[in-house]
Amino acid sequence: MPDSSICDVAGLMVGHHTDHRRPTGCTVVLCPQGATAGVDVRGAAPGTRETDLLAPENTVDRVHGLLLAGGSAFGLDAASGVMRWLAERGHGVAVGPARVPIVPAAVLFDLWLGDPAITPDAASGYAACEAASSRAPAEGSVGAGTGATLGKLRGIAHAMKGGIGTASVTVGGITVGALVVVNAIGDIIDPASGQLIAGARGDDGKPLGMLQAMLRGELPAVPLSGTATTLGIVATDASLDKAAAKKLAQMAHDGLARTINPVHTVSDGDVIFSLATGTTGERGDLRLLGPLAAEVTARAVLRAVRAATGLPGLPAVAELAG
């Protein structure tokens with residue numbers, strides 16, 4: 001469904017902040033009343049904050065927001081603004097006289113576009129919270145997807161524009177949604193048809209099909225470590241404990257593997273978070289939720305790249321199709 005989004009999961013709000021001084025920004029998913037969360041990191045070059053506490057054996061079992069941001073490691077500062085916004089409204093874990101909002105975060109590298117000194121900061125995170133709503137969020141080149149790129153195996157000069165996308169499905173009264181920022185080093189494939197959608201471009205400016213090129217003997221460019229990442233959040237209105245939430249995040253990575261080739265590389269920092277709001281009052285069954293999470297993650301990837309807007313030297317799918 002074209003209007004489906006992660007906001008179809010009751011209890012969630014999404015907000016973007018886009019920095020128009022250069023292509024960068026951040027996106028927040030808020031669950032102020034708290035939600036069980038998990039995380040699974042598959043890329044070898046992640047940039048994250050507060051992920052250790054999501055391990056099933058660790059004490060804190062609720063988060064109040066998740067942040068995805070550009071700006072590489074500098075962008076992690078935006079989570080401080082999300083914390084401040086939540087704390088001002090009385091949300092967080094009660095610790096003595098204080099409430100401490102729990103806001104795990106992950107970032108992507110977009111510093112080669114414009115002035116690298118301009119990165120998402122605490123004010124950006126706060127602004128994303130101010131913009132948050134339960135309506136379907138904008139997709140494409142907004143928020144954390146503003147400076148996202150993809151198809152970088154021949155270098156940035158042959159890359160294409162990435163973005164942010166979202167999708168959801170409802171089965172048996174349970175909703176599963178995903179929000180994905182595509183900043184991958186690999187190509188984008190439509191799993192339904194096997195069609196190459198976007199990726200590293202050949203000398204004619206069109207997607208080349210990098211795996212096939214490598215099989216023919218064309219070696220990839222030597223990438224800088226950590227310059228590519230796909231970030232995602234999968235959410236459900238079913239109830240899960242922390243161990244099941246982690247497993248949901250793990251299973252959602254299958255959606256990346258169906259649509260991005262190669263994925264989880266040494267240059268990617270691929271991270272997927274999971275959220276379970278429990279608003280239906282139903283206990284989640286991973287035999288259903290896991291396959292649905294992979295499906296909506298794959299759909300969100302395709303929507304992200306199809307909604308993207310190109311930049312000089314970085315065409316988007318829509319432009320090449322036109």
Side-chain angles (χ1 to χ4, degrees), residues 6-7 9-17 26-41 46-69 75-107 120-134 137 144 174-177 179 231-249 271-284 289:
I6 196 171
C7 289
V9 176
L12 300 184
M13 299 188 297
V14 175
H16 298 305
H17 177 260
C26 62
T27 297
V28 65
V29 176
L30 295 174
C31 41
Q33 303 308 317
T36 305
V39 67
D40 190 57
V41 179
T48 58
R49 164 177 167 154
E50 296 274 48
T51 51
D52 283 352
L53 60 79
L54 299 182
E57 70 272 17
N58 289 339
T59 302
V60 173
D61 63 356
R62 311 284 281 178
V63 304
H64 305 91
L66 294 171
L67 177 85
L68 309 178
L76 291 171
D77 185 38
S80 299
V82 181
M83 287 187 68
R84 179 162 61 87
W85 188 92
L86 287 163
E88 288 174 357
R89 288 153 181 81
H91 302 297
V93 175
V95 183
R99 284 193 172 271
V100 181
I102 306 300
V103 184
V107 293
D121 55 15
S124 304
Y126 194 97
C129 294
E130 289 283 272
S133 81
S134 58
I174 300 294
T175 299
V176 179
L179 181 76
L231 307 176
I233 299 169
V234 293
T236 180
D237 50 14
S239 175
L240 297 173
D241 60 23
K242 286 181 73 177
K246 180 176 179 64
K247 191 62 181 177
L248 186 68
V271 178
I272 291 186
F273 294 101
S274 62
L275 291 171
T277 66
T279 52
T280 63
E282 299 290 332
R283 183 69 182 170
L289 298 184

**Within residues 29-39 or reaching into it, pairs that qualify as side chain to side chain donor-acceptor pair (under 3.5 Å) - sequence neighbours excluded** = T36-R62
**Fill in**
When V28, V29, L231 are each screened for side-chain contact (heavy atoms from CB on, under 4.5 Å) with L68, the one that passes is L231
**Prompt:** Sequence neighbours excluded, which residues qualify as side-chain hydrogen bond (donor to acceptor under 3.5 Å, both in side chains) partners of T51?
**Reply:** none
Pairwise distance [atom1]([X]) to [atom2]([Y]) - rounded to 0.5 angstrom:
X    : Y    : atom1 : atom2 : result
S133 : L30  : OG    : CG    : 10.0 Å
L67  : L76  : CG    : CG    : 8.0 Å
C7   : L179 : SG    : CG    : 8.5 Å
L66  : L275 : CG    : CG    : 4.5 Å
D40  : L54  : CG    : CG    : 11.5 Å
I102 : M83  : CD1   : CE    : 6.5 Å

Indicate every side-chain donor-acceptor pair of residues 92-100 with a distance under 3.5 Å to a residue at least two apart or in another chain.
{"unit_1": "R99", "atom_1": "NH1", "unit_2": "G92", "atom_2": "O", "d": "2.8"}

**Message:** Once salt bridge (charged side-chain N to carboxylate O under 4.0 Å, His left out) is applied, do any residues pair with E130, and if so which ones, sequence neighbours excluded?
**Reply:** R89
**salt bridge (charged side-chain N to carboxylate O under 4.0 Å, His left out) partners of residues 46-57, not counting sequence neighbours, each pair once** = none
**Item:** Side-chain touch H17/P120, heavy atoms, less than 4.5 angstrom
**Value:** no
Give the minimum heavy-atom separation between [X] and [Y], together with the two atoms involved.
X    : Y    : value
G284 : L289 : CA-CD1, 3.7 Å
A245 : S274 : O-OG, 2.6 Å
T48  : A106 : CG2-CB, 4.1 Å

Under 3.5 Å, side-chain donor or acceptor atoms of residues 233-244 against the rest of the protein: list the pairs with distances, not counting sequence neighbours.
{"unit_1": "T236", "atom_1": "OG1", "unit_2": "T175", "atom_2": "O", "d": "3.1"}
{"unit_1": "T236", "atom_1": "OG1", "unit_2": "A238", "atom_2": "N", "d": "3.1"}
{"unit_1": "D237", "atom_1": "OD1", "unit_2": "T175", "atom_2": "N", "d": "2.9"}
{"unit_1": "D241", "atom_1": "OD1", "unit_2": "A243", "atom_2": "N", "d": "3.3"}
{"unit_1": "D241", "atom_1": "OD1", "unit_2": "A244", "atom_2": "N", "d": "2.8"}
{"unit_1": "D241", "atom_1": "OD2", "unit_2": "R283", "atom_2": "NH2", "d": "3.3"}
{"unit_1": "K242", "atom_1": "NZ", "unit_2": "L53", "atom_2": "O", "d": "2.8"}
{"unit_1": "K242", "atom_1": "NZ", "unit_2": "A55", "atom_2": "O", "d": "2.9"}
{"unit_1": "K242", "atom_1": "NZ", "unit_2": "N58", "atom_2": "O", "d": "2.9"}
{"unit_1": "K242", "atom_1": "NZ", "unit_2": "V60", "atom_2": "O", "d": "2.7"}

**Request:** Start with the C-alpha distance between L86 and C129, add both sets of side-chain angles, then the distance that settles side chain to side chain contact (heavy atoms under 4.5 Å, CB included), and finish with yes or no.
**Result:** CA-CA 9 Å; L86 287 163; C129 294; 5.7 Å; no
**Asked** Is a donor on one side and an acceptor on the other found under 3.5 Å between the side chain of S80 and the backbone of A122?
**Response** no
**Asked** Going through the checks in order, is the side chain to side chain contact (heavy atoms under 4.5 Å, CB included) test met by F273 and V63?
**Response** CA-CA 11 Å; F273 294 101; V63 304; over 6 Å; no
